[in-house]
Structure formats: C-alpha cells, structure tokens
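Both ligands and their constituent atoms are indexed starting at 1 by order of listing. None of these values were measured; they are calculated from a predicted model. Hydrogens, waters and symmetry mates are skipped; everything else that's a heavy atom, side chains included, is used.
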Amino acid sequence: MSETSYMEQELRSQPDTWQEAARIGAAAGPLPKPGQRVAVVGCGTSWFMAQSYAALREGAGMGVTDPFAASEAFLGSDRGYDALVAITRSGTTTEVLRVLDAVKGRIRSVTIIGDPETPAVALSDETVALPFADEKSVVQTRFATTALTLLRAHLGADVSAAVREAHEALSAPVEQEWVDAEQFSFLGTGWTFGLANEAALKMREASQSWTESYPAMEYRHGPIAIAAPGRVTWLFGTAPQGLEADVARTGARFVCHARDPLADLVLVQRVALERARARGLDPDSPRSLTRSVMLEAPAAP
Ligand code: F1P
C-alpha cells in the first residue's frame with residue numbers, strides 16, 4: 001500500500017467537500033420540495049445515506065420519505081410518490097439505473113451523482129452533480145458524506161458545526177483498542193441509524209472486520225449478546241437511557257462522542273483505515289469489491 005492511500009486523501013478532504021455541498025444544498029435546486037412524497041434509493045453506502053436522509057426529512061416534517069435499496073424499492077403508482085431521489089457516486093450501478101428507467105415518465109427523478117459523464121444522467125429528469133467529491137478509492141468516504149451534507153443543508157440545517165467537528169475528527173487520536181478490537185457493533189437512532197450501517201460497512205469493506213449495526217433501541221433485543229471484553233459498541237448520537245451501563249456490564253467498550261454524528265463517522269473511517277494498515281490490507285483495493293456493481297442484462301427467455 002502506498003504511504004498515503006486514495007482513501008486517506010479523500011477522507012481528509014471531507015470538511016472542504018462538505019462546505020461546498022452545503023452551499024449547493026442551500027439553494028433551491030431540483031431536490032424535493034416540502035410536502036412532496038419522496039422515495040430515495042441507492043446501493044451499499046448510497047443506500048445508507050438514503051436511510052439517513054429519509055429520517056431527517058421525515059423528522060423535519062418535510063413529508064413522507066421512504067428509503068429503499070434500489071433492488072428492493074416499492075415504487076408502484078399506489079404509493080403516490082411525487083419524486084424519486086437516487087444517490088450514486090459512479091452513475092453506473094445497475095440496480096439504480098433499472099429504477100431510474102422503471103419510473104421514467106411516471107415519477108420525477110433527481111439523481112445525486114459523483115460522475116456526471118455516466119448513464120444515470122440521461123435516465124434522470126434532473127441531477128445534482130458533486131464531481132468535486134468523486135473518488136478514486138473503491139471504498140466510498142467523502143462522496144457519501146458530501147451527498148448527505150448537501151441533503152442536510154437542503155433541509156435547512158446549518159452544517160457549520162459538522163464541518164468544524166469533521167476537522168476535529170480528523171485530528172482526534174485513533175485508539176489502539178479500536179485498531180485491535182475483535183468486533184464492532186454500531187448503533188444509531190433516527191438519521192444516525194444510516195450512519196451506523198455505513199460505519200459497519202466501511203469497516204467490512206476497508207479492513208475485513210467483523211461488524212454489525214442496529215437501531216440503538218433494538219440492541220438489547222438480542223444483539224447485545226455479542227458484546228464482550230475486547231469488542232466495541234459504538235453509538236452515533238445520543239445514547240438511550242441505561243444503554244451505556246448495560247454495555248458496560250458485558251465488558252465491551254462503549255464509545256459515544258458528543259461531536260456531530262456525521263463528523264464522528266469520519267473518525268470511524270480513520271479507524272477502518274488504521275485497521276486495514278495493521279492487517280497489511282490496501283483499503284483502495286478491497287477484497288471482492290469494485291467501484292460499481294455493473295450487472296449483465298438477464299438473458300432473454
Ligand atoms: C454503490 C456501491 C458502493 C460499494 C461498492 C459497490 O455505488 O454499492 O457503496 O462500496 O463499491 O457500489 P454507487 O452507486 O454509489 O456508485
């Protein structure tokens with residue numbers, strides 16, 4: 001692995017790309033208007049950003065917002081969607097292209113895209129391009145968080161504290177206990193559940209780590225059985241009452257930081273990078289993964 005991987009360079013640029021996205025998101029643009037019924041789709045990391053956006057938009061009282069993995073989206077006319085938001089860094093992910101094609105002429109689509117020179121653009125009614133956040137690393141870091149920052153800003157959030165705290169997350173120490181830990185369970189509530197899913201995926205992709213993720217209130221309903229000494233339970237946002245003490249009793253390490261949860265995800269990206277390094281893995285070339293999943297068309301019957 002080179003001294004500085006693309007993953008490291010890209011994750012370090014996040015405060016700048018977030019600032020740029022916040023500027024774009026604050027303008028009206030083609031993103032859904034308050035009151036519209038919205039479906040939001042993506043695959044992998046982009047699906048998890050869709051989950052976070054949906055929780056934020058619903059929480060802000062902006063209207064029904066349903067997140068789907070692109071391969072599992074329910075977009076029938078009985079659901080009454082006014083708009084489809086697709087999130088894709090590559091613009092070539094087959095399942096996302098299939099959804100865009102399927103709703104064409106029926107539901108207005110807007111795609112948040114990293115590479116605007118790709119097929120998703122022609123299939124979308126509108127696009128919001130974030131080429132400055134596109135990445136060379138297979139493992140996504142800044143595109144995902146920048147897309148979510150754009151959406152947060154579009155929902156009216158002031159993201160300046162998140163930008164400031166992302167800087168701080170870039171210089172915070174990565175504890176040796178996190179590099180050595182046997183297992184991580186990531187937890188969140190509301191919009192931070194999507195972040196928990198993304199944190200768990202990042203650690204699997206970049207460092208082949210054993211990770212799980214749950215809504216925080218679900219953790220006591222079974223998954224806490226995995227918590228044990230040498231393992232970490234990492235919560236994004238505010239801890240539900242009593243959870244820290246419950247985890248402490250298992251002997252697992254409980255981690256919950258006060259910083260903006262999206263900024264805390266930056267710290268997890270750094271943990272993933274350090275764990276990859278410690279295991280001699282190249283985070284830019286993760287095992288069995290490609291930048292985009294492009295499937296062949298099914299054979300004609
Ligand atoms: C989505 C994605 C990535 C994942 C993998 C395959 O890509 O699922 O999240 O890390 O490399 O592609 P995209 O649609 O956002 O380009």
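Remark: ligand 1 and Ser90 share an N or O pair separated by less than 3.5 Å (distance only, no angle test).
Under the 30°/60° scheme for interplanar angles, the aromatic rings of His257 and Trp234 are found to stand perpendicular. Ring geometry for Phe74 versus Phe68: interplanar angle over 60°, hence perpendicular rather than tilted (30 to 60°).
The pair Arg98-Glu95 does not meet the salt-bridge criterion, since no charged nitrogen lies less than 4.0 angstrom from a carboxylate oxygen. Arg164 has no carboxylate O lying under 4.0 Å from a charged side-chain N of Glu168, or vice versa, which leaves the two without a salt bridge. The existence of a salt bridge linking Arg142 and Asp16 is excluded, since no basic side-chain nitrogen approaches an acidic carboxylate oxygen closer than 4.0 Å. Checked for salt-bridge contact, Arg291 and Glu135 miss the test: no charged N lies under 4.0 Å from a carboxylate O. Between Glu274 and Arg270 there is no salt bridge, since no side-chain N of the basic residue sits under 4.0 Å from a carboxylate O of the acidic one.
Looking at atom 8 (O) of ligand 1, its nearest protein heavy atom turns out to be Cys43 O, 3.4 Å. Atom 14 (O) of ligand 1 has its closest protein heavy atom at Thr93 OG1, 2.5 Å.
Near Gly44, the atoms of ligand 1 lying under 4.0 angstrom from a non-hydrogen atom of the residue are 8 (O), 9 (O). Heavy-atom proximity to Arg291, at under 4.0 Å, picks out these atoms of ligand 1: 6 (C), 11 (O), 12 (O). Remark: ligand 1 atoms within the under-4.0 Å shell around heavy atoms of Glu205 are 4 (C), 10 (O). Taking every heavy atom of Thr45 and a limit of under 4.0 angstrom, the matching atoms of ligand 1 come to 9 (O). Less than 4.0 angstrom separates some heavy atom of Arg89 from each of these atoms of ligand 1: 13 (P), 15 (O), 16 (O).
The closest heavy-atom contact to atom 7 (O) of ligand 1, among the options Gln140, Arg204, Glu198, comes from Gln140. Comparing Thr290, Val138, Thr141, Val96 against atom 6 (C) of ligand 1, the shortest heavy-atom distance belongs to Thr290.
At a heavy-atom cutoff of 4.0 Å, ligand 1 is contacted by both the backbone and the side chain of Thr88.
The number of heavy-atom neighbours closer than 6.0 Å to NZ of Lys104, taken from other residues, nucleotides and ligands shown, is above 12.
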